[in-house]
Amino acid sequence: MKLLLDGKPVAENIKKNFVKKIEKIKQEKNKVPYLAVLGIKGDKASYTYIKKIEKNCEKYGIKFVLKLASSEEEFVKNFNEIKQNKEITGIMFQEPLTKKISNLINEIPPEKDIEGLSINNMGKLFLGNKNINIPCTSRAVIETLDYYNIDLVGKNVVIVGRSNIVGKALIPQFLNKNATVTICHSKTKNIEEILKMADIIVMAIGKAKFLKKDMIKENAILIDVGINFEDGKMVGDIDFDDVKDKAYAITPVPGGIGVVTNSLLIDNIIKSVI
Ligand code: NAP
């Protein structure tokens with residue numbers, strides 16, 4: 001491996017102007033960024049993630065409110081209250097949610113949809129509109145490649161995983177940078193052949209150490225979005241030790257795409273003030 005695509009300097013670069021931007025918003029608009037997170041009680045991992053977001057918000061003086069419901073009805077009631085609160089600038093739904101509730105995301109005003117997951121924001125992303133909220137994890141992949149000056153023009157990019165937050169949201173972003181994009185999923189045939197042709201691989205499937213050296217070509221650039229736990233240790237979808245001598249560049253897990261994603265969420269919250 002010639003280059004470790006460390007996420008920390010990428011995140012620091014994104015965060016460096018947060019304090020100034022928030023001060024400017026306070027002075028010029030007399031407003032404070034204010035995030036509301038809505039979810040359903042009971043999921044421990046999701047609660048830990050929300051608490052991390054709350055801590056990050058506190059650090060920058062961003063107001064934060066968490067509404068965890070015990071039922072779908074209570075969620076809808078909370079959502080209606082949050083929508084009417086004019087002080088709240090950003091709204092986020094925390095998975096896991098039922099399908100009925102997840103669909104309510106399309107009722108978040110587009111500028112307050114800080115995760116960029118509503119039909120409105122996703123549609124605009126595919127049409128190439130600027131100044132929209134882009135799903136943070138997908139944007140973290142692009143910001144990382146940009147930070148390390150990795151040229152995407154004409155490159156064969158293979159994305160493994162087709163979730164809205166990562167795989168699908170990445171398609172237009174890579175196309176905009178003139179890459180050639182292939183997307184694979186659990187029903188893809190001959191995935192190893194496809195992977196071997198890739199200049200850049202983005203793994204986002206949630207399968208620990210899935211990608212091995214015999215699946216990649218020499219000097220491939222590898223982006224690991226996966227977060228998995230093996231014997232209590234966080235690992236990605238890429239078998240880092242196995243591929244490291246064959247790949248040109250790799251994002252580590254932890255310390256790669258995850259830290260960049262966290263900073264981009266704050267960036268989207270700050271931008272939500274209009
Ligand atoms: P997801 O909704 O769990 O979907 C997984 C995707 O992987 C699906 O498209 C699935 O295909 C595909 N898949 C599963 N097994 C496969 C296989 N053996 N071969 C090829 N494709 C396969 O995905 P997600 O929410 O994007 O999460 C993916 C991973 O990223 C997880 O580990 C998650 O924890 C992590 N994540 C990290 C961040 C971060 O900030 N770093 C943020 C979000 C998520 P089908 O569509 O055919 O089922």
Side-chain angles (χ1 to χ4, degrees), residues 5-8 10-11 14-15 37 39 43-53 56 92-99 102 105 114-117 122 125 133-145 147 157-171 173-174 181-198 201-212 214-216 222-230 232-240 250-269:
L5 302 171
D6 185 359
K8 283 169 240 108
V10 189
I14 293 162
K15 289 191 283 195
V37 179
D43 189 88
K44 216 175 139 195
S46 148
Y47 187 70
T48 310
Y49 177 62
I50 296 169
K51 283 285 149 193
K52 206 165 152 196
I53 296 173
N56 269 337
M92 183 180 153
F93 284 5
Q94 184 55 38
E95 297 284 344
L97 295 172
T98 61
K99 198 161 184 214
S102 286
I105 206 157
I114 52 128
E115 289 188 292
L117 288 169
M122 283 292 262
L125 176 62
N133 286 328
I134 296 175
C136 301
T137 311
S138 71
R139 206 179 132 206
V141 171
I142 302 294
E143 293 277 350
T144 302
L145 291 165
Y147 181 87
V157 176
V158 175
I159 304 163
V160 191
R162 56 174 159 180
S163 69
N164 290 348
I165 56 167
V166 191
K168 281 189 196 137
L170 270 171
I171 299 168
Q173 295 176 77
F174 276 122
V181 186
T182 305
I183 188 148
C184 299
H185 46 78
S186 68
K187 309 287 185 295
T188 301
K189 289 183 182 143
N190 306 326
I191 194 164
E192 298 198 9
E193 276 171 37
I194 298 169
L195 286 167
K196 269 195 194 128
M197 287 169 55
I201 298 174
V202 180
M203 289 300 301
I205 62 173
K207 298 262 151 64
K209 299 180 178 172
F210 178 93
L211 192 82
K212 310 278 183 198
D214 55 359
M215 300 173 173
I216 65 168
L222 308 178
I223 307 292
D224 198 347
V225 176
I227 298 175
N228 313 284
F229 289 90
E230 232 184 35
K233 201 177 148 224
M234 191 193 281
V235 297
D237 289 347
I238 298 176
D239 190 336
F240 189 96
I250 321 175
T251 60
V253 175
I257 296 302
V259 289
V260 183
T261 302
N262 295 341
S263 63
L264 287 171
L265 185 70
I266 299 292
D267 191 50
N268 277 2
I269 299 166

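Values below: all heavy atoms of this structure, side chains included; hydrogens, waters and symmetry mates excluded. Atoms within each ligand, like the ligands themselves, are counted from 1 in listed order.
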- Task: Grab the two heavy atoms, one from Leu97 and one from Gly39, that are nearest each other, plus how far apart they are.
- Result: CD2-CA, 4.1 Å
- Message: For Ser263 versus Val260, what's the shortest heavy-atom pair and its separation?
- Response: OG-O, 2.8 Å
- Task: Could you tell me whether Asp214 and Lys212 make a salt bridge, using a distance below 4.0 angstrom between a side-chain N and a carboxylate O?
- Result: no
- Given Leu125, Leu170, Thr261, Asn268, the one that forms side chain to side chain contact (heavy atoms under 4.5 Å, CB included) with Pro135: Leu125
- Message: Testing the basics here: between Ala208 and Asp237, what is the closest heavy-atom pair and its distance to 0.1 Å?
- Response: N-OD1, 4.3 Å
- Message: Between the side chains of Asp267 and Lys15, is the shortest nitrogen-to-carboxylate-oxygen separation below 4.0 Å, so that they form an ion pair?
- Response: no
- Note on the structure: Sorted by chain and residue number, the residues having a heavy atom closer than 4.0 Å to an atom of ligand 1 are Thr137, Val160, Gly161, Arg162, Ser163, Ile165, Val166, His185, Ser186, Ile191, Ala204, Ile205, Gly206, Lys207, Phe210, Val225, Gly226, Ile227, Asn228, Gly258, Thr261
